[in-house]
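What you see below is based on every heavy atom in this structure, not just the backbone, and it leaves out hydrogens, waters and symmetry mates. Quick note on labels: first sequence line is chain A, next is B, and so on, each numbered from 1.
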There are 2 protein chains.
Amino acid sequence: MLDLESVRLFALVAEYGNLTRAAEAAGTVQPVVSQRIKSLEATLGRRLLDRSPRLVRLTEAGTAFLDHARNLLAAHEAAIAAVDIVPSHITIGISDHALGTHLDLVLKRLRMALPPHATMAVNLGQSADIRDRFESGQIDLAIIRREHGTEGGEVLGSDALQWRVPSGWSWSDGPLPLVLLPSPCSVRAVAIRVLDQAGIPWRETFTGGSCLALAAAVRAGLGVAPLGDSIGGDLAMVPASAGLPTLPASQIVMLARTPNPATSAAARALAASVHDLLA
Amino acid sequence: MLDLESVRLFALVAEYGNLTRAAEAAGTVQPVVSQRIKSLEATLGRRLLDRSPRLVRLTEAGTAFLDHARNLLAAHEAAIAAVDIVPSHITIGISDHALGTHLDLVLKRLRMALPPHATMAVNLGQSADIRDRFESGQIDLAIIRREHGTEGGEVLGSDALQWRVPSGWSWSDGPLPLVLLPSPCSVRAVAIRVLDQAGIPWRETFTGGSCLALAAAVRAGLGVAPLGDSIGGDLAMVPASAGLPTLPASQIVMLARTPNPATSAAARALAASVHDLLA
DNA sequence: CTTGGTTACGGCCGCCGTAATAATA
DNA sequence: TATTATTACGGCGGCCGTAACCAAG
């Protein structure tokens with residue numbers, strides 16, 4: 001007889017492609033996942049995963065098993081829901097500068113970590129605003145970007161800011177054309193600060209409402225944008241010859257209030273996903 | 001997170017209406033079932049069964065949960081079958097005189113205890129023939145009726161033979177009209193023996209191929225039939241005033257050869273079902 | 001050399017199964 | 001009074017989580 005916890009861990013490993021992240025998402029540690037997968041394989045008499053320190057992928061049997069494993073877990077959820085209806089709602093705030101283009105993957109994994117009947121509301125905005133909403137209790141979970149050294153929250157990783165430019169861009173003279181989010185925005189503020197300290201003149205050529213908009217502006221040649229390393233996508237780095245000052249790294253931090261199991265499951269999944277993106 | 005073993009035990013209790021039989025069918029003991037059900041109820045936060053020493057029945061929540069529990073167990077079977085195809089075939093011999101009209105229920109529970117991909121073949125016949133087939137290895141499991149004192153097999157219970165008569169039957173004189181299975185048949189033999197020992201003349205008025213046929217003949221008024229207590233159905237007992245000798249009780253015995261887990265699961269289910277019928 | 005999977009191991013929870021107890025018809 | 005569920009309890013297996021180890025890029 002299989003035990004569902006092992007099956008759940010297997011499904012998480014398949015999702016994250018990584019035992020360590022799966023362990024985080026499940027709220028345990030990596031050796032436990034290793035053991036459980038191993039024992040699951042033993043009871044099934046088949047190897048489910050090819051594992052090496054740098055690559056974990058499904059075997060043929062693992063692929064075949066995965067669909068059934070998900071059905072099994074869904075049936076488990078349904079059975080519990082049949083007698084134990086715990087309606088839950090989670091509000092989540094995400095700073096655009098923290099996740100950028102990875103928003104879709106993170107939301108998918110978040111949805112997966114919640115019981116199917118749970119509802120969630122996501123609030124995309126700027127870090128300062130998100131933090132205020134978290135502190136006033138309007139949201140339960142938040143992912144924000146902030147400068148090193150600030151207190152509070154769980155640090156999921158460090159992400160350097162980079163000047164991103166159109167491909168083939170060069171900057172001859174005149175004030176540096178900047179592509180920014182509107183104030184208040186900590187990335188905007190830090191970018192302006194380092195430029196001023198270096199005595200580099202600048203002008204704002206584009207102000208947009210999300211990192212996707214900033215990236216579009218950069219691609220259109222409107223100027224350079226300070227963007228997180230992990231969310232720059234296909235945009236080019238500024239060449240060192242341009243002489244721009246380096247931007248400081250900042251931290252991606254999770255703020256979490258976990259009043260119930262559903263929320264802490266969501267928090268773990270969020271942490272594992274973001275941690276994965278920054279690795 | 002639920003554990004599937006507890007869910008399976010719950011489903012078995014629902015099927016058998018009895019913790020003790022469920023334990024037998026599952027291959028464990030009754031206190032374990034009690035504990036697991038209790039812990040299942042605790043994790044679900046609902047009472048699933050109303051239990052008293054004489055009656056176990058589903059609560060409302062239990063009814064709602066049962067369907068989902070069965071789906072869950074089916075998904076579990078499917079998941080295992082996806083990677084671990086163990087084709088198995090079981091041949092079963094059942095003496096008609098042992099189960100009679102309860103054949104359908106027993107077969108249903110047998111089917112339920114087997115993995116869905118397992119095939120089974122049932123051989124209905126007379127005890128002596130069944131035993132020969134078992135001993136020659138042609139069948140894996142057998143339920144037979146036999147006289148007390150014989151060796152071998154697992155005794156599932158004792159069942160008295162009774163003279164069954166049409167309703168309102170009376171026997172004035174002349175040889176006793178008998179309704180019997182053809183020879184060789186141990187019930188036939190023992191019936192004839194006790195009549196001869198009591199010096200009661202008899203004649204055979206009907207010879208049929210199954211207990212259902214014998215019951216039909218009795219109902220049609222053709223005579224009296226020696227039938228197991230538990231399978232007489234709605235037929236009347238012979239009145240004491242008729243002066244017929246009492247028939248000895250005989251034992252219902254299971255012969256089992258369990259070369260694989262599927263067969264032993266079937267054996268347990270068979271034992272639990274028959275044990276239940278004789279209680 | 002760092003990230004990440006495996007192995008070793010100690011502690012402890014929890015389950016099994018026997019035995020005694022209670023409850024019901 | 002017999003049958004059956006519950007409670008008590010000892011023993012043991014197995015799981016968790018820390019730490020040390022190893023492999024691969």
Side-chain angles (χ1 to χ4, degrees), chain A residues 1-10 12-43 47-59 62 156-159 230 268 271-279, chain B residues 1-10 12-43 47-59 62 156-158 230 268 271-272 274-279:
Chain A
M1 203 121 216
L2 305 180
D3 81 295
L4 288 174
E5 181 63 13
S6 297
V7 175
R8 171 167 158 264
L9 290 176
F10 166 72
L12 284 172
V13 171
E15 171 61 30
Y16 287 91
N18 182 313
L19 275 68
T20 306
R21 303 290 167 255
E24 287 179 34
T28 182
V29 295
Q30 190 272 346
V32 172
V33 179
S34 190
Q35 290 171 175
R36 301 293 283 244
I37 297 290
K38 194 177 174 185
S39 89
L40 183 62
E41 289 175 328
T43 58
R47 201 153 180 80
L48 298 175
L49 298 168
D50 278 330
R51 314 194 267 292
S52 85
R54 284 295 173 181
L55 184 63
V56 173
R57 68 158 180 267
L58 292 166
T59 63
L156 300 179
S158 181
D159 190 44
S230 67
R268 287 195 304 266
S273 292
V274 176
H275 199 170
D276 202 25
L277 295 176
L278 300 181
Chain B
M1 204 122 217
L2 305 180
D3 80 296
L4 288 174
E5 181 63 14
S6 297
V7 174
R8 172 167 156 264
L9 289 176
F10 166 73
L12 283 172
V13 171
E15 171 62 30
Y16 287 91
N18 181 314
L19 274 67
T20 306
R21 302 292 166 255
E24 286 179 35
T28 182
V29 295
Q30 190 271 347
V32 171
V33 179
S34 189
Q35 289 170 176
R36 301 293 284 245
I37 297 289
K38 194 178 175 184
S39 87
L40 183 62
E41 290 176 328
T43 57
R47 201 153 181 79
L48 297 175
L49 297 168
D50 279 331
R51 313 194 269 291
S52 85
R54 285 294 173 180
L55 184 63
V56 173
R57 68 157 180 266
L58 292 166
T59 64
L156 300 178
S158 182
S230 65
R268 287 196 304 266
V274 176
H275 199 172
D276 202 26
L277 294 176
L278 299 181

For this session: List the steps and the verdict of side-chain contact (heavy atoms from CB on, under 4.5 Å) for Ser34(B) and Leu19(B).
Result: CA-CA 7 Å; Ser34(B) 189; Leu19(B) 274 67; 4.1 Å; yes
For this session: Apply side-chain contact (heavy atoms from CB on, under 4.5 Å) to the pair Asn18(B) and Val56(B), showing each step before the final yes or no.
Result: CA-CA 6 Å; Asn18(B) 181 314; Val56(B) 173; 5.9 Å; no
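Between the Glu41(A) side chain and the Leu48(A) main chain, a donor and an acceptor come within less than 3.5 Å of each other.
Proximity of Lys38(B) to the phosphate of dT7(D): a side-chain N or O atom is located under 4.0 Å from OP1 or OP2. Checking the phosphate oxygens (OP1, OP2) of dG4(C), no side-chain nitrogen or oxygen of Gln30(A) falls inside 4.0 Å. Within the structure, every side-chain polar atom (N or O) of Arg36(B) is placed at least 4.0 Å from both OP1 and OP2 of dC15(C). Phosphate proximity of dT7(C) to Ser34(A): absent, as no side-chain N or O sits under 4.0 Å from OP1 or OP2.
A donor atom on one side chain and an acceptor atom on the other are not found under 3.5 Å apart for Asp276(A) and Ser273(A).
Contact of the Leu49(B) side chain with the Thr59(B) side chain is not registered, since no non-hydrogen atoms from C-beta on lie closer than 4.5 Å. Contact of the Leu55(B) side chain with the Asp50(B) side chain is not registered, since no non-hydrogen atoms from C-beta on lie closer than 4.5 Å.
Using five terminal pairs a side, the axes of the helix from dC1(C)-dG25(D) to dA25(C)-dT1(D) at its two ends make an angle of 40°, given in steps of 10 degrees.
Here the side chain of Thr20(B) is nearest to one of dA5(D), dA19(D), dG4(C), namely dA5(D). With dC16(C), dG17(D), dT4(D) as the candidates, the nucleotide lying closest to the side chain of Val32(B) is dC16(C).
Residue order along DNA chain D, read from the 5' end via each residue's closest nucleotide, puts Asn18(B) first among Asn18(B) and Thr28(A). Taking for each of Ser52(A) and Gly27(A) the nucleotide of DNA chain D with the nearest heavy atom, the 5'-most of the two is the partner of Gly27(A).
One atom, CG of Asp3(A), and another, P of dC13(C), lie 20 Å apart when rounded to the nearest Å. Separating the CZ atom of Arg54(B) from the C1' atom of dA23(C) is a distance of 10 Å, rounded to the nearest angstrom. Rounded to whole Å, the distance from CG on Leu9(B) to P on dT6(D) is 13 Å. What separates CD of Gln35(B) from C1' of dA19(C) is a distance of 13 Å, to the nearest Å. Put simply, CG on Asp276(B) is 14 Å from P on dT3(D), counting in whole angstrom units. Atom pair Asp50(A):CG and dG4(C):C1' shows a separation of 16 Å (rounding to whole Å applied). When the P atom of dT2(C) is taken as reference, atom CG of Leu55(A) falls 22 Å away, rounded to whole Å. One interatomic measurement links the two molecules: CZ of Arg51(A) to P of dT6(C), which rounds to 4 Å at whole-angstrom precision.
Annotation: the span from Met1(B) atom CE to Asp3(A) atom CG amounts to 9.0 Å, rounded to 0.5 Å.
Within the 4.0 angstrom heavy-atom criterion, only backbone atoms of the sugar-phosphate kind lie near Val56(A); the bases stay farther away.
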